Amino acid sequence: MSVDTRAGPTAEQPHSDALVVFGFSGDLAAKKIFPALYAMAKKGHLTVPVIGVASSKWGVDEWHGHVRDSLLHQDHEGGIDDPVAFDRLMALLNYVSGDYNEAATFTALKAALGDSKSPAFYLAIPPSLFATVIQSLGQTGLARDARVIVEKP
């Protein structure tokens, strides 16, 4: 495996066309990732689908509520001060529930990604799961032309 240390996309590797957040129901997502995504939506920089993946068996209302509550109750500037940007963020979000050790989770993720060709996978999960998730991404063909971002512990 090689690591591309060049900054930004190249002719060979375009911008990512989807963001997948593993660990969507965790504290890191609630405290850091959701506020960052909201800030990007407010600035008009978030234009790709965002798919959360976690083991929590949530319906649409539950994960929408999780994101909303996280933005309202965390120590970040403003809460939800731009309803249009918040609605834009929510329209970009999707959620896949499943066990990272089961192939069915990655099959469901592949379906949720639809026509995405070069997703970015953000691993906001325990380091003990990094290899499991990365191997499963490869086995389901999701790693081709993708980026993996590993949140350091």
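Treat the numbers as computed from the prediction; the structure is a model and nothing was measured. The chain is numbered in sequence order, starting from 1.
Closest heavy-atom contact between Arg147 and His15: NH1-C, 4.1 Å. Closest non-hydrogen pair, Ala120 versus Ile149, comes out as CB-CD1, 4.1 Å. Contact between Arg88 and Ala41 at its shortest, heavy atoms only, is NH2-O, 2.7 Å.
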Is there a side-chain contact (heavy atoms from CB on, under 4.5 Å) between Leu37 and Leu19? Walk through the geometry before answering. CA-CA 10 Å; Leu37 292 173; Leu19 173 64; 3.8 Å; yes
Side chains of residues 121-137: which donor-acceptor partners sit under 3.5 Å, not counting sequence neighbours?
| unit_1 | atom_1 | unit_2 | atom_2 | d |
| --- | --- | --- | --- | --- |
| Tyr122 | OH | Glu151 | OE1 | 2.3 |
| Ser136 | OG | Thr132 | O | 3.0 |

Which donor-acceptor pairs under 3.5 Å do the side chains of residues 94-114 make with protein atoms, sequence neighbours left out?
| unit_1 | atom_1 | unit_2 | atom_2 | d |
| --- | --- | --- | --- | --- |
| Tyr95 | OH | Ala54 | O | 3.4 |
| Tyr95 | OH | Ser56 | O | 2.6 |
| Ser97 | OG | Ser56 | O | 2.9 |
| Asp99 | OD1 | Asn101 | N | 2.7 |
| Asp99 | OD1 | Asn101 | ND2 | 3.3 |
| Tyr100 | OH | Gly23 | N | 2.9 |
| Tyr100 | OH | Val53 | O | 3.1 |
| Thr105 | OG1 | Asp99 | N | 3.0 |
| Thr105 | OG1 | Asp99 | O | 2.7 |
| Thr107 | OG1 | Ala103 | O | 3.2 |
| Lys110 | NZ | Thr140 | O | 2.9 |

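The CD1 atom of Ile51 lies 7.0 Å from the OG atom of Ser116; values are rounded to the nearest 0.5 Å. Atoms CG and CG, from Leu92 and Leu46 in turn, are 5.0 Å apart once rounded to the nearest 0.5 Å. In this structure, Lys117 NZ and Arg144 CZ are separated by 10.5 Å, a value rounded to the nearest 0.5 Å. His73 NE2 to Arg68 CZ: the interatomic distance, rounded to the nearest 0.5 Å, is 11.0 Å.
For the ring-ring contact (aromatic ring centres under 6.0 Å, His included) with Phe34, the qualifying choice from Phe24, Trp63, Phe86 is Phe24, the only one to do so.
Salt-bridge annotation for Lys42 and Asp81: present, with a side-chain N of the basic residue lying under 4.0 Å from a carboxylate O of the acidic one.
The hydrophobic clustering, which links ILVMFWY residues whose side-chain heavy atoms are closer than 4.5 Å, places Val50 and Val84 apart.
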